[in-house]
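For reference, the structure is listed below as structure tokens.
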Number of protein chains: 4
Amino acid sequence: MVETQAATSVQGHDEDCAKRRQIIKGARTVFLEQGFDGASMGEIARAAGVSKGTLYVYFTDKNSLFCEIIEQESIAQGMLSFDFMPERDIETTLKVFGTAYIKLLCNPRGASAIRTVMAIAERMPDIGRRYYERVIANSLGRFARYLDQQVKSGTLVIDNCDLAAAQFTKLCQATLFLPFIFQMTETPSSERIAEVVDSATRMFLAAYRAKPDDARPS
Amino acid sequence: MVETQAATSVQGHDEDCAKRRQIIKGARTVFLEQGFDGASMGEIARAAGVSKGTLYVYFTDKNSLFCEIIEQESIAQGMLSFDFMPERDIETTLKVFGTAYIKLLCNPRGASAIRTVMAIAERMPDIGRRYYERVIANSLGRFARYLDQQVKSGTLVIDNCDLAAAQFTKLCQATLFLPFIFQMTETPSSERIAEVVDSATRMFLAAYRAKPDDARPS
Amino acid sequence: MVETQAATSVQGHDEDCAKRRQIIKGARTVFLEQGFDGASMGEIARAAGVSKGTLYVYFTDKNSLFCEIIEQESIAQGMLSFDFMPERDIETTLKVFGTAYIKLLCNPRGASAIRTVMAIAERMPDIGRRYYERVIANSLGRFARYLDQQVKSGTLVIDNCDLAAAQFTKLCQATLFLPFIFQMTETPSSERIAEVVDSATRMFLAAYRAKPDDARPS
Amino acid sequence: MVETQAATSVQGHDEDCAKRRQIIKGARTVFLEQGFDGASMGEIARAAGVSKGTLYVYFTDKNSLFCEIIEQESIAQGMLSFDFMPERDIETTLKVFGTAYIKLLCNPRGASAIRTVMAIAERMPDIGRRYYERVIANSLGRFARYLDQQVKSGTLVIDNCDLAAAQFTKLCQATLFLPFIFQMTETPSSERIAEVVDSATRMFLAAYRAKPDDARPS
DNA sequence: CATGAATGAGGATTCATTCAT
DNA sequence: CATGAATGAATCCTCATTCAT
């Protein structure tokens, strides 16, 4: 109510007023738990602690509320990104990245988002694409560029860095992701993650690390 | 309602009479195309060419019909399995298996099933688990046993064959599976599949093929 | 349940089975009493003695139920038509027709239909047009053709029979129709109707009856 | 909220302060365009350029706002009335009046008002009655009094001037009003109006003009 | 007074399920 | 057994109305 805030508080219910955030929070819970069809606007309203009518003050319909949730979720996950510090040795970098990546994928929230988006991707392809681009392609792209640098600096020998990036992330998922997403296990322990990521790193480096002979072909 | 029918009508409707199969066929189409919530019993009845009432003669409710579909689908996919001919050289075996595996995963039917089950796994965890066991763990298990044999026969050196099996299948998915399931691309071409599977095979063998030195440590 | 009926009973819920008629009856009451927007599907269901769901078995939506009501109503009113017996003397014919016409217009049911259709004509022009053609233009047209005959037979001298027909029906409405439709009065008594129709007839004949001189211009 | 405004804000909101007029203007547009049920308070607020809350400062509810609109509209139309200059010859007077009357009835605004009121008359009979009295009975009454004068001055011979007044206005509507209100045609052209009004005038005078013989029966 | 955010009752519509035939 | 008409609960969404500021 003071002048310093006046400029931003005028904006009405379009940006990020408290109610809107409150709704989004409730909707995220319900949508990610129940999926698009499983979630009802009534339940969302209850979860958010507002009336059903209020939902429609902030979002034109169920669809657009859902899109907003996925959008935010994908931005949030896309931002959680991984610093590839070029000066650090490759092995450590791979392990740190792989571990962080798996922890993102194999926790209840990340898995819910993936499941929910995957489920709806056939009927709402745009949602699927946006999510893929924001969350998956984005990390993968940054990782691929890191690999590029390493190739240029002679540490690695890789033909197709995009493929290599995908390969590494896939290797890290090995026995962890699918069992988790199909509800076979709880979130994997740090030990199991470390084990799988170590193996992935070894395999990756075995395939792509520059050999001494490569460097000195003369 | 007359006696002439009594004999046949006694047998019950529990096994696999034609009507039941007909219903399952229609339901599979609709469930896999639309997902659990998207499918309506009316549409299923229409697709199966029976009345809505008949659905309830064979299945107690929508839920149990869905379970049956997924059960059958998972059995069907689990049966489509891969012959690991021990006499064939490893490289070829890996490539043949990898290619078949990806073709199974990245075609509309396989993807629909995975999507559908993944989507529901949070609300119906049993379904998720059964599917995983039947379809994924099953193939993976057989592949792991094949690797075991190869380890025993000295062709490969693998510490954890379950992990290795998962690694190979994951490597084969590298750049193919997710873009497909998130609707970024159509079913990948044979060429692209071959490329990715070849790279996976190379990487796998680089890591796990027995080196000449390994064999003669004595 | 006997064979003689088999052929017609097959038709399902498309033609005029009892339920459908029952729904239409209830819907007519409610729609004509409350107008399109004022009527709720719940109230219609209650008035028809069926469940809300049943309404949608027979009609795709509120709109099409409404159209059906108006269609039927307009057909019913259009069929109530007026015999113009050429052999009867004109004066009697006009009085009989005028009286019947006003009784149609100025009774609760006819008025409700006109009101309801008029109200919706701006948003659903097709409904307005169909109703006008079926109910109004139809009677008017037949009356105009009767006048034509009388002109040809020398009894009347009329330049524009369509205009004349409209004029007569309007004259008959004089002080009756609007007060009734705006709820100023109950259905007018036969005496009042006779009075107005007599006056209309006199005026019409004063303007259009062939004078003796017209017939013998020689 | 400061004292400077106190003085003016005391006067209450009952009469015709600017805000109130502003609301009425917006509401008229929306109500006449969409009908009572079709109009939403939100749209009215938008059309009036005030907040929804303000509507309820000036009017207790939607109903009473609607009544006010119809009231004002009926007054406005009732005032648009027709000067019956006694010195002008009857034929001209009738033609001028008939033409003005039809132009009032058969233009979008007049038609909207009639349609709107007619539509609601069954559910809100008072509204119907007030409108009839103000708009229809009023013009008709003044016209009837004019006819009275003409009867007294010997120009016309009319038994029931109220009936005659209604007859003339009805004759003028002949082929024009109903087709227009049922959306069969656009606003009729001046030529068509002139044609119908001329015919009405001729017919009216043929029936009611004093004949030379009438005047000198003695 | 003026606002507009918030409400919740009510409306149209869908759909899993039942039941008389 | 097979049917399909009938149901009514549940869903999304709208809108008149209220109230704190």
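Below, read A as the first sequence line, B as the second, and so on, with proteins coming before strands; counting in each chain starts at 1. Just so you know, these numbers use all the heavy atoms, side chains as well, and skip hydrogens, waters and symmetry mates.
For B:L55 and C:G53, each mapped to the nucleotide of DNA chain F holding its nearest heavy atom, the one lying further toward the 5' end belongs to B:L55. Taking for each of D:N63 and C:G49 the nucleotide of DNA chain F with the nearest heavy atom, the 5'-most of the two is the partner of C:G49. Along DNA chain E, the nucleotide nearest to B:T60 and the one nearest to A:V50 differ in position, and the one closer to the 5' end is contacted by A:V50.
The cationic atom of C:K62 (NZ for Lys, CZ for Arg) lies less than 6.0 Å from the six-membered ring centre of C:F36 and within 45° of the ring axis.
Ranking F:dT17, E:dG10, E:dT3 by closeness to the D:K52 side chain, first place goes to F:dT17. Nearest nucleotide to the side chain of D:K19, out of F:dG4, E:dA2, E:dA12: E:dA2. The side chain of C:T54 lies closest to F:dA6, out of F:dA6, E:dT17, E:dG8. Minimum atom distance to the side chain of B:M41 is reached by E:dT17, of the listed E:dT17, E:dA2, F:dT3. In this structure, of E:dA12, F:dA2, F:dT7, it is E:dA12 that holds the atom nearest to the side chain of C:S40. Listed nucleotides E:dA2, E:dT13, E:dA6 differ in distance to D:V57; the shortest reach to its side chain belongs to E:dA2. Minimum atom distance to the side chain of B:Y56 is reached by E:dA16, of the listed E:dT13, E:dT3, E:dA16. Nearest nucleotide to the B:K62 side chain, out of E:dA16, E:dG8, F:dC13: E:dA16.
Of the possible donor and acceptor atoms, one in the side chain of A:R129 sits under 3.5 Å from a partner among the backbone N and O of B:Q183. Without hydrogens or angle criteria, D:T54 side chain to D:V50 main chain gives no donor-acceptor distance under 3.5 Å.
The distance from atom CG of B:D61 to atom P of E:dT18 is 9 Å, rounded to the nearest whole Å. A straight line from CZ of C:R46 to C1' of E:dG11 spans 12 Å, rounded to a whole angstrom. Rounded to a whole Å, the CD1 atom of C:I23 is 11 Å from the C1' atom of F:dA5. When rounded to the nearest whole Å, the span between CD of A:Q22 and C1' of E:dA6 equals 11 Å. Rounded to whole angstrom, the span from the CZ atom of D:F59 across to the P atom of F:dT17 amounts to 13 Å. Across the protein-nucleic acid pair, A:I44 atom CD1 and E:dT7 atom C1' stand 18 Å apart, rounded to whole Å. Between B:E43 atom CD and E:dA16 atom C1' the separation is 14 Å, expressed in whole Å. Atoms CG (B:D37) and C1' (E:dC15) sit 12 Å apart, rounded to a whole Å.
The pair B:D37-B:R123 meets the salt-bridge criterion, since a charged nitrogen lies less than 4.0 angstrom from a carboxylate oxygen. Using a 4.0 Å cut-off between charged side-chain N and carboxylate O, A:K52 and A:E43 make no salt bridge. A salt bridge between A:R109 and A:E73 is present, with a side-chain N of the basic residue lying under 4.0 Å from a carboxylate O of the acidic one.
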*Using a 3.5 Å limit on both pairing distances, list the dot-bracket string of DNA chain E from the 5' end; Watson-Crick and G-U wobble pairs count, crossing pairs take [ ], interstrand pairs take |.*
.||||||||||||||||||||
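Looking at heavy-atom distances under 4.0 Å, B:A39 makes contact with sugar-phosphate atoms alone, never a base.
For the atom pair B:F31 CZ and B:I44 CD1, the distance stands at 3.5 Å (nearest 0.5 Å).
Annotation: ring pair (Phe, Tyr, Trp, His ring centres under 6.0 Å) contacts of B:F59 (sequence neighbours excluded): none.
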